[in-house]
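Comments concern the structure below.
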Amino acid sequence: EGSYAVVDLSGTVATIDSVQINSLESFIGSDANDVVFTNDHTLDFNGGAGDDQLSISFEDFDLYYYPASHYWDDFESLFSVSGDFIGGSGVDTLQFTDTRYYDHLSGGYKYRAVDLTSANISEFELTGGTTAVIVSTEQFNNLNFTNLDSVFVKSNGVIKASENDNEFMG
């Protein structure tokens, strides 16, 4: 756990169950199944071989106060992720956690969307999580979305919803 510029496990022979990294610039995986948890939203990830899992958390953002006016200035309604994400060989997953917030108007929890249009994502066979995602047309055509309630496609500045029941605030 901690903050690092580069985490390089490519020469690691031992199996590491999971790695918690608060912030980093770049991650290079091993030949094993790497499981990485991070709070960083701007990074480069190369999973290498194995069935890798990258979980990006947004736990540092406000959870409880929408639309309570005295907290509105701190509320992030749309998250974004950027960088180069290469899953590598194997079945690799990219997921997002801690995107929910408490909506005082409805009296329940809702999930904020994650905009992936600034990220270069390849060789991730599954993309999952508990939130809606916004992707480019190319990403939509090249990624397999599993366990996602809502996938939005952003093209020429216009966001179009998928055929599912879709909801996001942004």
Side-chain angles (χ1 to χ4, degrees), residues 1-61 63 76-100 111-157 159-160 162 164 168 170:
E1 188 170 330
S3 298
Y4 304 93
V6 177
V7 175
D8 185 347
L9 301 181
S10 61
T12 303
V13 178
T15 301
I16 300 172
D17 287 335
S18 66
V19 179
Q20 171 68 44
I21 305 169
N22 292 335
S23 65
L24 75 158
E25 293 175 18
S26 179
F27 178 88
I28 303 167
S30 69
D31 288 341
N33 300 340
D34 300 314
V35 179
V36 178
F37 300 93
T38 185
N39 297 337
D40 206 328
H41 315 129
T42 303
L43 66 138
D44 293 331
F45 180 91
N46 186 333
D51 297 338
D52 304 312
Q53 176 184 333
L54 174 59
S55 181
I56 298 176
S57 170
F58 293 91
E59 69 182 358
D60 295 336
F61 291 87
L63 169 63
E76 295 285 334
S77 62
L78 179 64
F79 296 136
S80 64
V81 171
S82 61
D84 294 322
F85 299 87
I86 303 168
S89 62
V91 178
D92 305 307
T93 61
L94 173 61
Q95 64 183 0
F96 309 101
T97 62
D98 302 309
T99 61
R100 73 181 188 158
Y111 293 91
R112 295 172 270 206
V114 177
D115 185 343
L116 300 177
T117 58
S118 294
N120 299 312
I121 304 172
S122 63
E123 299 176 20
F124 274 95
E125 289 78 15
L126 303 172
T127 302
T130 58
T131 189
V133 294
I134 300 172
V135 296
S136 67
T137 302
E138 180 181 347
Q139 290 169 324
F140 184 79
N141 292 333
N142 292 316
L143 296 173
N144 182 10
F145 301 96
T146 304
N147 298 326
L148 285 172
D149 293 333
S150 301
V151 177
F152 297 89
V153 178
K154 185 176 181 180
S155 177
N156 297 322
I159 296 176
K160 298 177 184 177
S162 64
N164 297 339
F168 91 95

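For reference, positions follow the sequence shown, starting with 1.
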Is there a donor-acceptor pair under 3.5 Å between the side chain of [X] and the backbone N or O of [Y]?
{"X": "Thr38", "Y": "Ile21", "result": "yes"}
{"X": "Arg112", "Y": "Arg100", "result": "yes"}
{"X": "Asp51", "Y": "Asn33", "result": "no"}
{"X": "Glu123", "Y": "Gly47", "result": "no"}
{"X": "Asp98", "Y": "Ser57", "result": "no"}

Worksheet item: Hey, would you say the Phe45 and Phe27 ring centroids sit under 6.0 Å apart?
Response: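 Yes; Phe27 has its ring centre under 6.0 Å from that of Phe45.
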
Worksheet item: Of Val135, Val133, Ile134, which meets side-chain contact (heavy atoms from CB on, under 4.5 Å) against Phe152?
Response: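 With Phe152 as partner, Val135, Val133, Ile134 yield a single side-chain contact (heavy atoms from CB on, under 4.5 Å), made by Ile134.
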
Fill in: Member of Leu94, Val35, Val91, Asp92 meeting the side-chain contact (heavy atoms from CB on, under 4.5 Å) criterion with Gln53
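Exactly one option meets the side-chain contact (heavy atoms from CB on, under 4.5 Å) with Gln53, and it is Val35.
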
Item to complete: Quick one: sort the Phe140 and Phe145 rings into parallel, tilted or perpendicular, breaks at 30° and 60°.
Response: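 Because their plane-to-plane angle is under 30°, the rings of Phe140 and Phe145 count as parallel.
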
Worksheet entry | side-chain contact (heavy atoms from CB on, under 4.5 Å) between Asn144 and Phe124, worked out | CA-CA 8 Å; Asn144 182 10; Phe124 274 95; over 6 Å; no

Fill in: Where Phe58 and Val81 come nearest, the two heavy atoms and their spacing
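What the structure gives for the nearest pair is CZ-CG2, 3.9 Å.
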
Worksheet item: With side chains defined as the heavy atoms from C-beta onward, is the minimum distance between Val19 and Tyr4 less than 4.5 Å?
Response: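 No, their side chains stay 4.5 Å or more apart.
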
Approximate separation, where rounding is to 0.5 Å, of [X] [atom1] and [Y] [atom2]:
{"X": "Asn39", "Y": "Thr97", "atom1": "CG", "atom2": "OG1", "answer": "8.0 Å"}
{"X": "Asp52", "Y": "Thr93", "atom1": "CG", "atom2": "OG1", "answer": "8.5 Å"}
{"X": "Asn46", "Y": "Leu54", "atom1": "CG", "atom2": "CG", "answer": "11.5 Å"}

Discussion item. Ile56 vs Phe79, test: side-chain contact (heavy atoms from CB on, under 4.5 Å). Steps then yes/no.
Written reply: CA-CA 11 Å; Ile56 298 176; Phe79 296 136; over 6 Å; no

Discussion item. Give me each pair satisfying side-chain hydrogen bond (donor to acceptor under 3.5 Å, both in side chains) with a member in residues 19-30, each pair once, sequence neighbours excluded.
Written reply: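 Every side-chain hydrogen bond (donor to acceptor under 3.5 Å, both in side chains) pair that includes a residue of residues 19-30, provided the two are not neighbours, is Ser3-Ser23, Ser30-Asp34.
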
